[in-house]
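All values below come from the heavy atoms of this structure, side chains included, with hydrogens, waters and symmetry mates left out. Not measured: the values here are computed from a predicted model. Sequence positions, counted from 1, serve as the residue numbers for this chain.
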Amino acid sequence: MGGAPDRPAARPTAVLGGLHMVKAVLLSLLLLPTLVLGSVPSITRPVTDPQGLLSAQEMESVAQALVKLRAERQVQMAVLLVDTTDGQPIEDFAHEVFSAWKGGDAGRDNGLLLVIAKGDRRSRLEVGYGLEPYLTDGETKTLLHAQGPLLGKGRIADALLSIIAGVHEQVPEAGPLSPPANSWPPQAVRALFYAMLAAAFVAAGLGVRCLAVGLKGPRLAGAAALLVALPPAVLVAVAASSQLSAVSIVLGYGGMLAVFFAGWFACWREQWALGVILLGSTVLGSTLGVAVLQQGTETVGDLLLIAGIPSLFIFLGPAGLVLVVKGIRRLSRQGGSWSREVSVSWGSSSSSSSTGWSSSSSSSYDSSSSSSSSDSSSSSSSDWSGGGGSSGGGGSSDSW
């Protein structure tokens with residue numbers, strides 16, 4: 001393939017999966033016993049092939065491609081070939097191996113792990129934080145899926161070389177493999193977004209509570225100022241080293257606070273349907289929009305848009321149903337009132353017909369060591385230990 005054209009880093013696309021940072025923490029906790037027991041395959045060479053799925057020549061060819069990739073694109077990519085993951089999801093298995101390997105450089109997070117489980121007919125490309133702008137979930141899925149026919153025919157080496165060539169093409173020559181020192185990865189931005197959401201939810205509830213207990217005058221003003229100003233000030237201070245602007249954080253927090261305050265206020269006034277819908281749709285919509293849809297973004301404004309769209313639809317569904325029910329009930333009451341009034345008027349008219357014509361009516365509408373067949377001086381036996389890089393679960397899996 002030709003050299004990679006100069007282009008700006010692409011943002012990660014939306015695919016099904018979990019929030020990267022949260023997933024990394026949960027997976028680390030779940031996989032801790034396995035790590036302690038030492039049963040994780042050890043990555044110390046470019047190609048780790050304990051079952052000998054590759055010949056010595058094929059292993060050397062793949063290893064040379066990996067060494068070249070690292071020299072030209074500063075990407076430390078390792079290949080792990082296994083027959084099966086023994087029932088463990090390949091996503092968990094790959095993350096576990098990557099966490100033990102720590103591929104890439106600390107602070108650059110330019111590691112990449114390709115796992116092929118031949119017996120399971122599954123593949124996984126685990127991407128380090130620093131490579132996520134260039135190897136999005138959608139792009140890694142495409143790379144793996146395109147090699148399914150080769151893997152299905154047992155041409156593992158050819159498939160590996162094609163995937164490595166695809167990575168070489170995706171990553172630019174300049175190789176700024178991690179965000180600048182003052183730039184947070186998308187996972188950190190999403191974590192701040194959730195912190196902002198939680199702070200606004202709690203602050204709004206406390207604000208309504210202040211009204212409920214009867215705070216007035218300076219005490220109410222002081223409490224309001226504290227709840228409105230303190231959380232965004234803390235969030236801005238935490239994000240001082242990031243690319244996020246203080247204005248976007250303050251405006252985002254202010255918008256969330258207003259919606260949550262309206263929800264809590266409605267609950268306090270015993271308008272439970274409106275309150276629960278406002279609170280629930282905002283929290284659930286934000287979770288769906290930011291976590292489940294996996295929109296990789298680096299600004300709070302983008303996250304607000306992503307969270308706002310599902311929140312609006314989630315709100316409109318129950319809100320519309322409530323309005324319909326209330327409308328039917330209201331019309332029913334008005335219909336009964338109208339019927340009673342017509343009946344009374346008609347009766348009055350009948351009784352007065354003997355005395356006159358006056359009547360009235362009204363109505364109101366109220367991943368082990370490399371194969372021993374490799375030469376100790378070859379690329380396949382080169383030391384490939386990680387340098388402290390990390391991955392938060394980014395990447396994709398595929399079947400063939």
Side-chain angles (χ1 to χ4, degrees), residues 12-13 15-32 34-35 40-49 62 66 69-70 73-82 84-85 88-106 108-118 120 122-145 147 151 159-160 163-164 166-168 170-171 177-178 185-187 294 296 367-368 384-400:
T13 57
V15 294
L16 295 177
L19 178 64
H20 287 176
M21 178 167 284
V22 175
K23 182 179 178 181
V25 174
L26 293 177
L27 286 175
S28 298
L29 292 175
L30 291 173
L31 299 172
L32 184 59
T34 308
L35 294 173
V40 181
S42 176
I43 302 297
T44 58
R45 299 175 183 180
V47 182
T48 302
D49 182 18
V62 174
L66 294 173
L69 177 68
R70 188 175 190 180
R73 293 293 189 267
Q74 292 79 54
V75 176
Q76 186 181 16
M77 180 176 178
V79 172
L80 173 61
L81 304 176
V82 298
T84 178
T85 60
Q88 183 180 15
I90 195 170
E91 294 81 6
D92 297 348
F93 179 80
H95 182 81
E96 176 184 345
V97 175
F98 196 110
S99 298
W101 172 44
K102 299 186 183 301
D105 303 318
R108 291 170 62 82
D109 300 324
N110 52 336
L112 191 63
L113 176 64
L114 174 60
V115 178
I116 304 292
K118 182 181 179 182
D120 298 335
R122 293 280 288 165
S123 59
R124 170 73 181 177
L125 197 57
E126 188 80 7
V127 181
Y129 280 134
L131 290 171
E132 288 183 0
Y134 309 100
L135 293 169
T136 66
D137 293 351
E139 289 165 341
T140 54
K141 180 76 171 181
T142 299
L143 283 175
L144 294 177
H145 189 70
Q147 305 313 316
L151 292 170
L160 296 178
I163 295 173
I164 296 169
V167 172
H168 191 283
Q170 289 296 121
V171 178
L177 300 176
S178 60
Q187 294 78 14
Q294 280 295 299
S367 253
S368 183
W384 214 249
S385 301
S390 60
S391 165
S396 294
S397 306
D398 194 45
S399 300
W400 71 86

Exercise. Write down the atom of I43, the atom of A78, and the distance for their closest heavy-atom approach.
Key: CG2-CB, 3.7 Å
Quiz item: Is the shortest side-chain N to carboxylate O distance from K141 to E139 below 4.0 Å?
Solution: no
Self-check item: Euclidean distance, S99 OG relative to D92 CG, rounded to 0.5 Å
Solution: 10.5 Å
Exercise. Answer yes or no: is there a donor N or O on one side and an acceptor on the other, between the side chain of R124 and the main chain of V115, under 3.5 Å?
Key: no
Quiz prompt | Polar side-chain atom of R73 near backbone of H168 as donor-acceptor pair, under 3.5 Å | solution = yes
Quiz item: Considering residues at least two apart in sequence or located in another chain, which fulfil the side-chain hydrogen bond (donor to acceptor under 3.5 Å, both in side chains) criterion with T84?
Solution: D120
Quiz item: If we only count heavy atoms from C-beta on, is the V167 to L114 side-chain gap below 4.5 Å?
Solution: no
Quiz prompt | Criterion side-chain contact (heavy atoms from CB on, under 4.5 Å) on L160 and I116, from CA distance to verdict | solution = CA-CA 9 Å; L160 296 178; I116 304 292; 4.0 Å; yes
Self-check item: With sequence neighbours excluded, residues passing side chain to side chain contact (heavy atoms under 4.5 Å, CB included) with A159
Solution: Q147, L150, L151
Quiz item: Are side-chain heavy atoms of E96 and E126 found at a separation under 4.5 Å?
Solution: no
Quiz item: If you take all heavy atoms of L143 and G166, which pair is closest and at what distance?
Solution: CD2-CA, 3.7 Å
Quiz item: Taking the side chain as C-beta and beyond, is there a heavy-atom pair between I164 and M77 under 4.5 Å?
Solution: yes
Quiz item: How about V79 and T48: do any of their side-chain heavy atoms sit closer than 4.5 Å?
Solution: no
Quiz item: Do L113 and L125 come within less than 4.5 Å of each other through their side chains, counting heavy atoms only?
Solution: no
Practice problem: Using modelled atom types only, decide if a donor and an acceptor are shared between the side chain of N110 and the backbone of D105 within a distance under 3.5 Å. | Solution: yes
Self-check item: Test item: V75 and R70 side chains (from C-beta on) under 4.5 Å apart, heavy atoms
Solution: no
Practice problem: Starting at CG of D109, measure out to CD of Q76 and round the result to the nearest 0.5 Å. | Solution: 12.0 Å
